[in-house]
Amino acid sequence: MTQSSSAKRSTAALVLAAGEGTRMKSATPKVLHQVAGRSLIGHVLATLTEVKADPIVVVVGPNRDDVAAAISPHRAVVQRERLGTGHAVLQARSALKDFNGDILVVYGDTPLVSADTYSRMRAARKKASGPAVVVLGFEPADPAAYGRLIVGADGLERIVEYKDATPQERAVRLCNSGIMLVDAAVLWRLLPKVKANNAKGEYYLTDLVALARKDGLTCAVVHGEAEELMGVNSRGELAAAEAVVQNRLRRAAMEQGATLRDPSTVYFSMDTRLGKDVEVGPFTVFGPGVTVADGAVIKGFCHFEGAHIETGAIVGPYSRLRPGAKIGADAHVGNFVEVKNATLEKGAKANHLAYVGDARVGAAANVGAGTITANYDGFSKNHTDIGAGASIGSNSVLVAPVKIGDGAMTGAGAVVRRDVPADALAVNAGRQETLAGFAAKYRAKKVAEKKAAKGRKT
Ligand code: UD1
Ligand code: MG
């Protein structure tokens with residue numbers, strides 16, 4: 001059996017990410033910019049992992065420890081000088097010297113390619129005719145400066161870069177996405193033959209096709225979707241990629257059984273997990289690390305990150321859940337309530353204008369409007385523990401560390417600095433004094449003052 005017809009042939013991936021990304025005008029390397037809470041290169045690596053590409057090697061620019069750290073545990077190789085895509089691939093030669101399957105070359109700034117597309121490329125390589133090189137082509141609305149795929153009777157003949165193309169070649173609409181699947185042996189045998197004798201003076205990976213043909217090998221094109229092959233080179237393209245991914249995530253959420261009242265106003269992260277029959281109202285942002293269990297209701301205008309919402313809970317409108325927020329089954333979190341690193345146990349409620357941070361709110365406890373857990377003393381964060389069934393009066397300040405026992409109460413406006421035992425009431429807002437008739441006298445005096453002032457003016 002020849003290698004190319006073996007069904008078990010393994011695939012390694014090589015991600016080119018040594019580009020400078022100057023059009024982003026950013027201190028952050030281009031491939032670390034995010035779409036749906038995940039870096040561009042993170043998207044690429046996730047899909048390559050999904051299709052079981054192994055190993056995955058990333059070609060990074062010099063002094064790019066940040067990119068190398070972001071791609072860990074995958075291996076980074078450094079391209080010291082930016083001499084072209086062919087040169088970039090060559091830098092990974094020693095990293096892949098023991099690998100003898102197929103090598104999938106992809107770009108770190110093209111985050112939307114689907115696993116299915118990679119699978120179709122692999123399927124093309126496995127055909128009995130066994131093309132040595134499979135190139136992913138597409139027909140963008142505007143072919144602009146993409147390389148053109150020149151296809152003849154025997155398949156793909158060569159790739160010509162826009163700058164080097166004749167007017168007839170520029171009229172070809174089938175473009176090179178840059179993504180390529182190559183037999184490793186062919187790649188390492190032919191790549192050193194690539195010369196930089198072109199308009200850009202670069203070593204073009206694309207020249208591999210003509211070299212393979214000269215060697216008597218065949219090359220094929222697999223057609224991809226223009227939307228998937230969108231590259232990110234500017235902030236505008238970053239926003240366009242975000243829009244594509246958000247639409248995919250909205251569709252997936254609904255397909256998996258969540259109701260989105262107005263999908264176009266809900267924003268997800270790649271790792272958002274919604275259960276069945278979850279309802280999401282309009283204008284809600286799911287930052288990274290959010291899970292919502294079956295049947296929870298999100299009433300809209302909410303902002304979440306690093307939070308878990310249990311089944312039957314009702315959250316929002318206008319709630320903010322920050323990292324470590326755990327909203328228990330049937331618990332309620334209402335408008336202008338912020339929860340951070342805190343657990344609301346089953347049936348607990350914090351319905352209006354509250355800050356619950358570094359705390360536990362026991363089952364069925366009620367946190368009154370305006371309650372604040374004063375968790376920070378200027379130096380460290382302290383814990384507030386509210387027992388099951390406790391009732392925290394409106395505008396209470398719970399000065400942590402502090403413990404409110406099961407079934408205990410605090411009076412409105414209480415500043416609670418000491419623990420409150422179970423079933424006790426803590427009040428310290430001061431005794432009320434009532435002055436009969438004071439308000440009426442006060443008003444009369446003020447009205448008279450105003451009249452006198454007006455008389456002086458006229
Ligand atoms: C490349 C293709 C072109 C294709 C287009 C699709 C070549 C010669 N041309 O052109 O046919 O239509 O992509 O977008 O391959 N990179 C490195 N090191 C380098 C040069 C590039 O890592 O020395 C990386 C870049 O970071 C980028 C990718 O390779 O991720 C493509 O490089 P770029 O310069 O953008 O190539 P294009 O001119 O767009
Ligand atoms: Mg490019």
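Remember, it's 1-based here, ligands and their atoms both numbered in the order they're listed. Along the sequence shown, residues are numbered consecutively beginning with 1.
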Review point. How far does CZ of Arg93 sit from CG of Leu14, to the nearest 0.5 angstrom?
Key: 13.0 Å

Exercise for review: Output yes when the distance from some N or O of ligand 1 to some N or O of Glu161 is under 3.5 Å, and no in every other case.
Suggested key: yes

Point to revise | Protein contact to atom 17 (C) of ligand 1 [nearest heavy atom, distance to 0.1 Å] | key: Gln79 OE1, 3.5 Å

Exercise for review: May I ask you to check whether Tyr146 has an N/O atom sitting below 3.5 Å from an N/O atom of ligand 1?
Suggested key: no

Exercise for review: Flag the pair Arg189 / Asp215 as yes when at least one side-chain heavy-atom distance between them is below 4.5 Å, and no otherwise.
Suggested key: yes

Exercise for review: Ignoring angles and geometry beyond distance, decide whether Leu16 reaches within less than 3.5 Å of ligand 1 through its nitrogen or oxygen atoms.
Suggested key: yes

Practice item. Measure the distances from the heavy atoms of Lys200 to every atom of ligand 1 and state whether one is below 4.0 angstrom. Key: yes

Review point. How far is atom 16 (N) of ligand 1 from its nearest protein heavy atom, and which residue and atom is that?
Key: Arg82 NH2, 3.8 Å

Check your understanding: Would you say Gly84 has any N or O atom under 3.5 Å from an N or O of ligand 1, going by distance alone?
Key -> yes

Review point. Has ligand 1 got any nitrogen or oxygen that is less than 3.5 angstrom from a nitrogen or oxygen of Gly178?
Key: no

Check your understanding: Would you call His87 a ligand 1 contact, heavy-atom distance under 4.0 Å?
Key -> no

Review point. Nearest protein heavy atom to atom 8 (C) of ligand 1, by residue and atom, and its distance?
Key: Tyr204 CD2, 3.3 Å

Check your understanding: Is there side-chain contact between Trp188 and Leu96, with at least one heavy-atom pair below 4.5 Å?
Key -> yes

Check your understanding: So, is Ile159 polar-close to ligand 1, with some N/O to N/O distance under 3.5 Å?
Key -> no

Point to revise | Any N/O pair Val59/ligand 1 closer than 3.5 Å | key: no

**Study point:** Six-ring centre of Tyr162, Arg148 cation under 6.0 angstrom, axis tolerance 45°
**Key:** no

Check your understanding: Below 4.5 Å, heavy atoms only, C-beta onward: do Asn335 and His352 meet side chain to side chain?
Key -> yes

Point to revise | atom 7 (C) of ligand 1: the protein heavy-atom neighbour that sits closest, reported with distance to 0.1 Å | key: Thr85 OG1, 3.4 Å

Exercise for review: Answer yes when Lys30 and Glu237 have at least one side-chain N-carboxylate O distance shorter than 4.0 Å, and no when they do not.
Suggested key: no

Point to revise | Non-hydrogen atom of Gly231 closer than 4.0 Å to ligand 1 | key: no

Practice item. May I ask whether Thr206 places a heavy atom under 4.0 Å from ligand 1? Key: yes

Check your understanding: Any N/O of Asn176 closer than 3.5 Å to an N/O of ligand 1?
Key -> yes

